[in-house]
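Following: one structure in structure tokens, then a few remarks.
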Amino acid sequence: NGWIRCRISDLGDVRGGRQRSPHFIGGVNRPYLRVANVLDGWIDTSDILQMPFTDEEYQVYRLQEGDVLLNEGQSLELLGRSAVYRGDPPNCCFQNTLIRFRPNQDTTSDYANALFEYLRAKGYFAATAVRTTSIAHLGTGRFLKISIACPENAAERLAIGSTVAQWNRALADLDRLIAAKRRFKRGLMQELLTGTRRFKKFEDKLWHEWRLGDLFDERVEVGHDGLPLLSITADRGVIPRDELDRRDTSNADKS
């Protein structure tokens, strides 16, 4: 009760970005966002490019705080990845590899972004996309026509969006805490494994140099064809090869 069937076009305004081309030489260089900047729920501002926009183009493609950006062209699993533009970097435009969604007065950015996350996870974007050999395209026209169920009451949309945003902030805080703990662990390992920091009860004990061959035995076993192939990764340790991203082309050692 209280929910209706609507299209994306009923919730806000949608526009594709400006193409990057050597033929566009008029205007002045201005910063713009592209697929590489729009990650899963946040915008990476560490590598912002510029290209010329005329004053007229700037008014059309300039981002406003609260605009939601989606990846228009991507691999199928990343198609429609979205994030809310919060005003950084300022006076910024966007490229045609992105779709800009600007919520109307009855829709909030947080609700729209949560909705797009859901649609991507449920495969709506992948089902709508036009696919080429290596990339899929969402397309503004197809995106506008996606039919969804949503609360008719704007206050309920606001409540949903704010709740999801609150959890996103909590997860972001947790990610920062984990990153800080990892940095501390690396520093502690550096000190402990080099003798810079000692435990009090071992301070009078001498350290000795050893060859690795004196500490470990090398073992080779054959004839276990039924065992799974393992991969050595930098961040996850030794894991089954099947758990790696299929697009991984690294030369990680396998055994």
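Computed over heavy atoms, backbone and side chain alike; hydrogens, waters and symmetry mates excluded.
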Pairing residues for Arg169 by the side chain to side chain donor-acceptor pair (under 3.5 Å) criterion, not counting sequence neighbours: none

CZ/Arg182: more than 12 non-hydrogen atoms of other groups inside 6.0 Å: no

Would you mind writing out the side-chain donor-acceptor pairs for residues 147-156 within the sub-3.5 Å range, not counting sequence neighbours?
from	atom 1	to	atom 2	distance (Å)
Asn153	OD1	Ala155	N	2.7
Glu156	OE2	Trp3	NE1	3.2

Co-members of the apolar cluster containing Leu193 [side chain, <4.5 Å]: Met189

Side chain proximity check, Gln50 to Arg30, heavy atoms < 4.5 angstrom: no

Leu212 atom CG, neighbour heavy-atom count above 12 within 6.0 Å: no

N-O pairing of Arg219 and Glu221 below 4.0 Å: yes

Tyr32 six-ring face occupied by Arg18 cation (under 6.0 Å, within 45°): no

Gln95 side chain near Leu33 side chain, heavy-atom distance below 4.5 Å: no

pair Tyr85-Ile43: side-chain heavy atoms closer than 4.5 Å: yes

Distance in Å, Phe94 CZ paired with Leu69 CG, rounded so as to fall on 0.5 Å steps: 7.0 Å

Whichever hydrophobic residues join Leu227 through chains of side-chain contacts under 4.5 Å: none

Result of checking Thr45, Leu49, Asp44 against Asp47 for side-chain contact (heavy atoms from CB on, under 4.5 Å): Leu49

Over 12 non-hydrogen atoms of neighbours within 6.0 angstrom of CH2 in Trp167: no

Side-chain hydrophobic cluster, 4.5 Å single linkage: members besides Phe199: Phe184, Leu188, Leu192, Phe202

Polar side-chain atom of Asn104 near backbone of Thr107 as donor-acceptor pair, under 3.5 Å: yes

What side-chain donor-acceptor pairs closer than 3.5 Å can you find for residues 114-121, not counting sequence neighbours?
from	atom 1	to	atom 2	distance (Å)
Arg120	NE	Glu77	O	3.3
Arg120	NH1	Asp40	OD1	3.4
Arg120	NH2	Glu77	O	3.4

Residue pair Arg100 / Leu70, side-chain heavy-atom distance below 4.5 Å: no

Student check: side-chain heavy atoms of Ser109 and Val68 closer than 4.5 Å: yes

Flag, side chain of Arg142 to backbone of His137, donor-acceptor distance under 3.5 Å: yes

Minimum side-chain heavy-atom gap Val38-Leu98 below 4.5 Å: yes

Backbone N/O of Arg7 and side chain of Asp10: donor-acceptor pair under 3.5 Å: yes

Linked, directly or transitively: Ile99 and Ile8 (ILVMFWY side chains, under 4.5 Å): yes

Under 3.5 Å donor-acceptor, Glu72 side chain and Gly139 backbone: yes

Side-chain heavy atoms of Tyr58 within contact of Asn91, under 4.5 Å: yes

Charged N-O contact under 4.0 Å between Asp173 and Arg176: yes

Distance in Å, Glu243 CD paired with Leu230 CG, rounded so as to fall on 0.5 Å steps: 10.0 Å

Any side-chain heavy-atom pair of Cys6 and Leu11 under 4.5 Å: yes

